[in-house]
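One structure is given below, encoded as structure tokens.
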Amino acid sequence: MAITYELLKECPHTHARAGILHTPHGDIETPIFMPVGTKATVKAVLPESLKEMNAQIILANTYHLHLRPGEDIVKKAGGLHKFMNWDGPILTDSGGFQVFSLGKINTITDDGVEFRSHIDGSRRFISPEKSIQIQNDLGADIIMAFDECVPYGADREYTERSLKVTVDWAKRCHAYHKQTQTQALFGIIQGGMFPDLRSQAVEQTCAIDFPGYSIGGLSVGEPKEIMYELLDHTAPLMPRNKPRYLMGVGSFDALMQGVSSGIDMFDCVMQTRMGRNGTALVRSGRINLKNACYKEDFTPIESDCDCYVCRNYTKAYLRHLVISQEILAATLISIHNLHATLRFIREIRNAILMDNFLDFKLNFEKLWYNK
RNA sequence: GGAGGGAUGCCCGAGUGGCUAAAGGGGGCGGACUGUAAAUCCGUUGACGGAGUCUACGAUGGUUCGAAUCCAUCUCCCUCCA
């Protein structure tokens, strides 16, 4: 098996747990946050910086790399790790999210999805088998089943039908992929906003023997309370001896809630997108560095943060870079945001290991919600 | 000395009788961002608490029911010819 999960500790009061994910490119301490590098680059951030902030695994995207440069090029380069100069673990998303995010230019059939390339408008067909083939060529450590991420607001009938398709696709992905020493295929649990469909999804998806499972289709526009309820309903139903991955979620409060529900892995674009848009994440929320109040603020984003940015730059300088539209602003704020998130999840992990998770959580919530 | 062109809100700039508190940029201020079609998108930007009133298009005076827009004079700026 390419991936094995080692459970180290479970919180006696919540579903939180700490463990280690062994991969061909190294061990990952879970719970973990995974920076997103859609097009084989974590936008604006050097791999060296990712190493310094102790990023343990990063993401890339099947759909985007298939369109450009093409998986054949990546394969020729010697695989994704070599191509992008990242020797740690990599996870590729299957393109399932693009079925959702590019929904206006897609047509879904039972067999797969016809995409209109957002780059040149050409027709591209991705089936479960095609997605796996692309991901095999890309060569990430963890690859994902091809699914449909159901849009928020989808009714029961649509969600039910979509779930059937996603489960069917999961079986096809599983059949097509040879679980090798170097690549593990994860299944994805859908089911929209319906708890009983989520239960069904867990049952049907986990009946297929994947080395890990993820929850997809959350944080697609629903109120947070609904997401948290579904999360707390779904995650504990998933196999205890395998990693659980919540896709696309990464705000501090959501990480806390996710871990509490028993999630081990998270990814999110928010850290780098906000970094590019001038917003810095801090423990109690976020600050918009464009705001005039930082004009003469010669202190770091967070005084107790040990990231490269907080050690060397002030808010006044970062504000100046953002306002001047200097490219370094994107780099520096992204670095801080990723670092802050990784630090946060590391502290969560330590708290679990020290039998202190519940207190840690309560303290965090006091800070986060009482503003 | 002569001939012509121009002065618009924080800046640039459109507008040449009523639909103009005045297009469009920029700048300022604020907001959003969650498996990335995003270095993106949205709002706001004369004053007074509103549908309302007032103050505004270099200055002053005039024509008109009505003027940023027409006329006169003045002030300043630019171009060309001497």
Side-chain angles (χ1 to χ4, degrees), chain A residues 33-45 57-65 67-68 91-106 115-121 124 131 135 140 142-150 152 166 186 188-190 213-224 227-228 231 245-255 257-258 263 265-281 285-295 319 321-334 337 341:
Chain A
F33 171 79
M34 309 183 279
V36 180
T38 303
K39 299 186 219 170
T41 167
V42 176
K43 291 185 194 294
V45 180
I57 170 170
I58 60 177
L59 254 71
N61 184 276
T62 300
Y63 169 80
H64 290 280
L65 293 176
L67 289 188
R68 203 157 53 187
L91 182 153
T92 44
D93 187 24
S94 61
F97 184 70
Q98 278 62 45
V99 181
F100 160 80
S101 66
L102 303 173
K104 291 169 286 274
I105 48 177
N106 294 340
F115 290 91
R116 297 300 297 261
S117 160
H118 69 276
I119 296 171
D120 63 6
R124 305 302 180 103
S131 174
Q135 295 189 79
I142 300 172
I143 69 176
M144 300 303 299
F146 191 60
D147 65 328
E148 188 201 351
C149 181
V150 184
Y152 179 61
T166 288
F186 280 24
I188 302 178
I189 290 151
Q190 290 289 345
Y213 299 92
S214 70
I215 297 177
L218 290 185
S219 196
V220 288
E222 76 280 14
K224 282 203 163 175
M227 174 170 100
Y228 293 159
L231 199 51
Y245 163 27
L246 174 57
M247 307 185 80
V249 172
S251 63
F252 286 9
D253 55 330
L255 291 178
Q257 202 63 41
I263 299 294
M265 304 161 71
F266 303 85
D267 78 279
C268 195
V269 306
M270 176 191 272
Q271 280 69 11
T272 48
R273 179 176 289 167
M274 286 190 172
R276 274 173 279 126
N277 293 335
T279 299
L281 300 177
R286 57 171 76 161
I287 64 173
N288 189 341
L289 286 165
K290 278 186 273 202
N291 290 172
C293 59
Y294 302 117
K295 205 174 209 162
R319 175 181 140 86
L321 292 182
V322 174
I323 298 280
S324 310
Q325 296 178 57
E326 279 295 334
I327 201 161
L328 186 61
T331 295
L332 294 180
I333 305 170
S334 294
N337 286 349
T341 307

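Values below: every heavy atom of this structure, side chains too, minus hydrogens, waters and symmetry copies. Reminder, nothing fancy here: chain letters follow the sequence lines and each chain counts from 1.
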Looking at D147(A) and G35(B), is any side-chain donor or acceptor paired with a base atom of the opposite kind under 3.5 Å?
yes
May I have the distance from Q325(A) (atom CD) to G27(B) (atom C1'), rounded to whole angstrom?
11 Å
Expressed as a whole number of angstroms, how long is the span from F252(A):CZ to U34(B):P?
16 Å
Could you work out, with side-chain hydrogen bond (donor to acceptor under 3.5 Å, both in side chains) as the rule, every residue matching S94(A), not counting sequence neighbours?
none
With a 4.0 Å cut-off on heavy atoms, is Q190(A) in touch with a base, just the backbone sugar-phosphate, or nothing at all?
base
Could you check how far CG of L102(A) sits from C1' of U36(B), rounded to whole Å?
10 Å
Under 4.0 Å between a side-chain N or O of Q98(A) and OP1 or OP2 of A37(B)?
yes
C1' atoms of C80(B) and G15(B), separation to the nearest Å
28 Å
Using whole Å, what does the distance between atom P of nucleotide G35(B) and atom CG of L65(A) come to?
16 Å
So which protein nitrogen or oxygen atoms get under 3.5 Å of nucleotides 9-11 of chain B's nitrogens or oxygens?
none

Expressed as a whole number of Å, how far does the P atom of U69(B) sit from that of G62(B)?
15 Å
Would you measure the distance from the P atom in G25(B) across to the matching atom in C41(B) and give it in whole Å?
12 Å
Just wondering, do M274(A) and I333(A) contact through their side chains at under 4.5 Å, heavy atoms?
no
Suppose we screen for side chain to side chain contact (heavy atoms under 4.5 Å, CB included). Which residues come up paired with A254(A), at least two apart in sequence or across chains?
M227(A), Y228(A), V249(A), S251(A)
Provide the distance between the two C1' atoms, one in U45(B) and one in A39(B), to the nearest whole Å.
25 Å
Between the base of U36(B) and the side chain of R273(A), is there a donor-acceptor distance below 3.5 Å?
yes
Base, sugar-phosphate or nothing for G275(A)? Non-hydrogen atoms, less than 4.0 Å.
nothing
Just to verify, what does N337(A) make a side-chain hydrogen bond (donor to acceptor under 3.5 Å, both in side chains) with, not counting sequence neighbours?
none
Sequence neighbours excluded, which residues qualify as ring pair (Phe, Tyr, Trp, His ring centres under 6.0 Å) partners of Y213(A)?
F210(A)
Taking only residues two or more places apart in sequence or in another chain, which ones pass side chain to side chain contact (heavy atoms under 4.5 Å, CB included) with I105(A)?
L102(A), R116(A), H118(A)
Within a strict 4.5 Å, meaning less than it, do heavy atoms of the F186(A) and M247(A) side chains meet?
no
Among the nucleotides G35(B), U36(B), A37(B), which one has an atom lying closest to any side-chain atom of R276(A)?
U36(B)
Listed range with range, the stems formed with RNA chain B by at least 3 consecutive Watson-Crick or G-U pairs (under 3.5 Å) are B:1-7 with B:75-81, B:10-12 with B:24-26, B:27-32 with B:40-45, B:46-48 with B:52-54, B:58-62 with B:70-74
Do Q98(A) and F115(A) have side chains that get closer than 4.5 Å, going by heavy atoms?
yes
Is N61(A) close to F97(A) at the side-chain level, that is, under 4.5 Å between some pair of heavy atoms?
no
With rounding to whole Å, what would you report as the distance between G46(B) and C42(B) at their C1' atoms?
24 Å
Whole-Å C1' distance, U8(B) and U63(B)
22 Å
Hits for ring pair (Phe, Tyr, Trp, His ring centres under 6.0 Å) against F252(A), two or more places apart or cross-chain, chain-then-number order -> F344(A)
P-based separation of G9(B) from A68(B) [nearest Å]
14 Å
With side-chain hydrogen bond (donor to acceptor under 3.5 Å, both in side chains) as the rule and sequence neighbours excluded, what pairs involving residues 267-281 of chain A come up?
Y245(A)-D267(A), Q271(A)-T341(A)
Picking from U36(B), A37(B), U34(B), the nucleotide nearest the side-chain atoms of S219(A) would be U34(B)
Suppose we screen for salt bridge (charged side-chain N to carboxylate O under 4.0 Å, His left out). Which residues come up paired with K295(A), at least two apart in sequence or across chains?
none
Let me know the distance between CG of L67(A) and P of A37(B), rounded to the nearest Å.
11 Å
Under 4.0 Å, heavy atoms only, any strand: does I188(A) hit a base, just the sugar-phosphate, or nothing?
base
Check the distance between G35(B)'s C1' and I58(A)'s CD1 and give it to me in whole angstrom.
15 Å
Could you give the distance from CD1 (I142(A)) to OG1 (T92(A)), rounded to the nearest 0.5 Å?
9.0 Å
In whole angstroms, how far is the P atom of A38(B) from the CD atom of Q271(A)?
17 Å
Side-chain donor-acceptor contacts of residues 33-44 of chain A below 3.5 Å, not counting sequence neighbours, with atom names and distances?
none

Is T38(A) close enough to G35(B) that one of its side-chain N or O atoms is under 4.0 Å from OP1 or OP2 there?
no
Provide a list of protein-nucleic acid N or O atom pairs under 3.5 angstrom, restricted to nucleotides 28-32 of chain B.
{"residue": "C29(B)", "atom": "OP1", "partner": "R319(A)", "partner atom": "NH2", "Å": "3.2"}
{"residue": "G30(B)", "atom": "OP1", "partner": "A292(A)", "partner atom": "N", "Å": "3.2"}
{"residue": "G30(B)", "atom": "OP2", "partner": "A292(A)", "partner atom": "N", "Å": "3.2"}
{"residue": "G31(B)", "atom": "OP2", "partner": "N291(A)", "partner atom": "OD1", "Å": "3.3"}
{"residue": "G31(B)", "atom": "OP2", "partner": "N291(A)", "partner atom": "ND2", "Å": "2.8"}

At under 4.0 Å between heavy atoms, what does S214(A) touch on the DNA or RNA strands: base, sugar-phosphate, or nothing?
nothing
Atom pair distance, as rounded to whole Å: CZ in R68(A) and C1' in U36(B):
14 Å
Sticking with atom C1', work out how far G5(B) lies from U55(B), rounded to a whole angstrom.
31 Å
